[in-house]
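Before any comments, here is the structure.
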Amino acid sequence: MIRLSPEQALKKIESNWPSSGTESIPLSQASQRILAEDIISDRAQPPFDRVTMDGYAFYFDETNNSREFQLESSAFAGEAAAELQNKNNCIEIATGAPIPVGCNCVVPYEQCSEEHNCIRLSEDFKANAYTNIHRMGSDCPANSSLLETGTRIYARHISVIASMGYATLSVRALPRITLCSTGDELVEVDANILPHQIRRSNSYTLESIIKQQHCGLCEVQHLEDRKESVSAFIEQQLKESDILIFCGAVSKGKKDFVAPCLEDAGFETLFHGIAQKPGKPMWFGKHPKGCIAFGLPGNPVSTHFCFQHYLLPFLIEAPRQSLILPLAADITNKSPLCSFPPAKINDEKSAEAIAFNTSGDYLSLAQSDGYLEIAPQQELKAGEPVRFTYWNG
Ligand code: AMP
Ligand code: MG
């Protein structure tokens with residue numbers, strides 16, 4: 001199969017990404033989910049002329065300019081609007097209360113004095129119509145669309161959703177993702193390890209990103225390098241998963257059964273191989289029943305990069321966080337493959353590729369903040385602009 005460029009691979013994935021359904025969830029579980037409905041204001045905001053300081057409400061009249069008022073009554077937040085009986089009087093008022101009918105100005109306690117129920121405005125208090133009043137409808141009118149479908153919900157959105165009365169809300173359903181590591185050399189983290197074995201790490205890495213990003217319901221499995229096991233597992237997953245992610249067994253080795261087994265199970269290969277390093281043998285395909293599958297090369301740097309670059313933007317419905325930075329040191333990519341080396345941003349705000357031994361060098365990955373993008377046959381000098389993309393999660 002012809003190798004795709006990174007851009008072509010991304011387009012293929014985008015055009016075959018399954019559209020997720022929607023589900024209704026309680027507000028308390030909305031953090032990081034993606035809105036599947038617009039959030040509409042059910043009332044004007046604020047819904048009444050809201051007092052913003054504790055103090056006294058009175059009627060400001062330009063023609064009169066009175067600086068002394070008799071205390072008439074008190075009113076608090078949570079009470080219906082009080083009413084001023086006499087324009088020479090004032091009402092003691094609390095933050096959050098509606099401005100009393102007949103009043104249009106609030107003087108804070110700090111800017112007045114009180115003696116025998118007579119309130120006197122300080123010299124420095126400049127009275128004006130609607131001073132210290134958050135006017136009804138000044139933030140938005142009723143029936144305004146405040147948050148749009150597709151918005152990822154963060155803490156800053158929650159008060160908007162709560163304030164508009166959404167005890168439950170419609171969000172995109174989370175895809176059922178199964179992460180499957182493969183390899184007879186791989187053992188559990190807490191196993192008694194033999195010299196020729198290594199501990200599996202890839203599924204932990206990917207699971208941690210999915211959990212941190214709240215972008216899928218995640219199951220984790222490990223498979224031995226046996227065709228029958230891989231095939232039986234895929235058959236089962238067709239009923240249980242929307243997205244299947246394999247780590248390893250996707251290149252040309254005799255025991256690399258992932259791609260042939262996926263094809264045997266009815267998956268159409270949409271690509272097998274991207275002109276890139278790391279992650280050259282990456283596989284992507286789709287089953288007629290809707291399940292999509294990815295075969296990520298098993299080396300930890302490859303798995304991590306491929307997941308971040310090719311899957312995560314679609315899982316979280318957000319573009320990667322990329323920026324153009326000056327390169328810290330010369331870099332040459334003599335190969336015909338696009339290079340995505342792990343990199344860090346150093347103090348002087350330049351991007352520096354991190355030396356790594358092979359795609360299996362997960363120790364150098366831990367020193368990186370993201371990765372660079374160096375085109376095939378490209379030679380870049382220190383100071384020249386380079387695209388840097390942050391790891392997510
Ligand atoms: P593969 O893609 O199966 O040929 O694996 C390439 C290299 O990555 C091998 O050295 C594997 O042992 C290693 N590898 C594969 N899967 C994992 C994993 N889940 N955790 C850590 N290393 C892995
Ligand atoms: Mg393997």
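Just follow the structure's listing: the first ligand is 1, and inside any ligand the first atom is 1. Values below: every heavy atom of this structure, side chains too, minus hydrogens, waters and symmetry copies. Residue indices begin at 1 and follow the sequence shown.
For Asn299, the closest heavy-atom approach to ligand 1 falls below 4.0 Å.
Atom numbering of ligand 1 starts at 1 in the shown order; those under 4.0 Å from a heavy atom of Arg200 are 19 (N), 20 (N). Heavy-atom proximity to Ser181, at under 4.0 Å, picks out these atoms of ligand 1: 19 (N).
Considering only non-hydrogen protein atoms, atom 11 (C) of ligand 1 sits nearest to Glu185 OE2, 3.0 Å. Ranking the protein heavy atoms by distance from atom 1 (P) of ligand 1 puts Ala249 N, 3.7 Å first. Here the protein heavy atom with the shortest distance to atom 4 (O) of ligand 1 is Ser251 OG, 4.3 Å. In this structure, atom 21 (C) of ligand 1 lies nearest to the protein heavy atom Ser201 OG, 3.4 Å. Scanning the protein for heavy atoms near atom 18 (C) of ligand 1, the closest one is Asn202 ND2, 3.2 Å. The closest protein non-hydrogen atom to atom 15 (C) of ligand 1 is Gly298 O, 3.3 Å.
Salt-bridge annotation for Lys255 and Asp184: present, with a side-chain N of the basic residue lying under 4.0 Å from a carboxylate O of the acidic one. We find that Lys381 and Glu379 are joined by a salt bridge, their nearest charged nitrogen and carboxylate oxygen being less than 4.0 Å apart. Ionic pairing of Glu185 and Arg200 is not present here: no N-O contact between side-chain nitrogen and carboxylate oxygen is shorter than 4.0 angstrom.
In terms of heavy atoms, Ala293 sits closest to Leu262 at CB-CD2, 3.9 Å.
The side chain of Ile198, and not its backbone, has at least one atom closer than 4.0 Å to an atom of ligand 1 (non-hydrogen atoms only; side chain from C-beta on). Contacts of Leu186 with ligand 1, taken as heavy-atom pairs under 4.0 Å, involve the side chain alone.
Side-chain contact, Gln237 with Thr178: a donor N or O sits under 3.5 Å from an acceptor N or O. Under 3.5 Å, the side chains of Ser170 and Glu37 contain no donor-acceptor pair of N or O atoms.
Taking the ring centre of Phe271 as origin, the terminal cationic atom of Lys12 falls outside the region bounded by 6.0 Å and 45° from the ring axis. A cation-pi arrangement, defined by a distance under 6.0 Å to the six-membered ring centre and an angle within 45 degrees of its axis, is absent between Arg226 and Phe257.
Among the atoms of Gly248, none of the N or O lies under 3.5 angstrom from an N or O of ligand 1.
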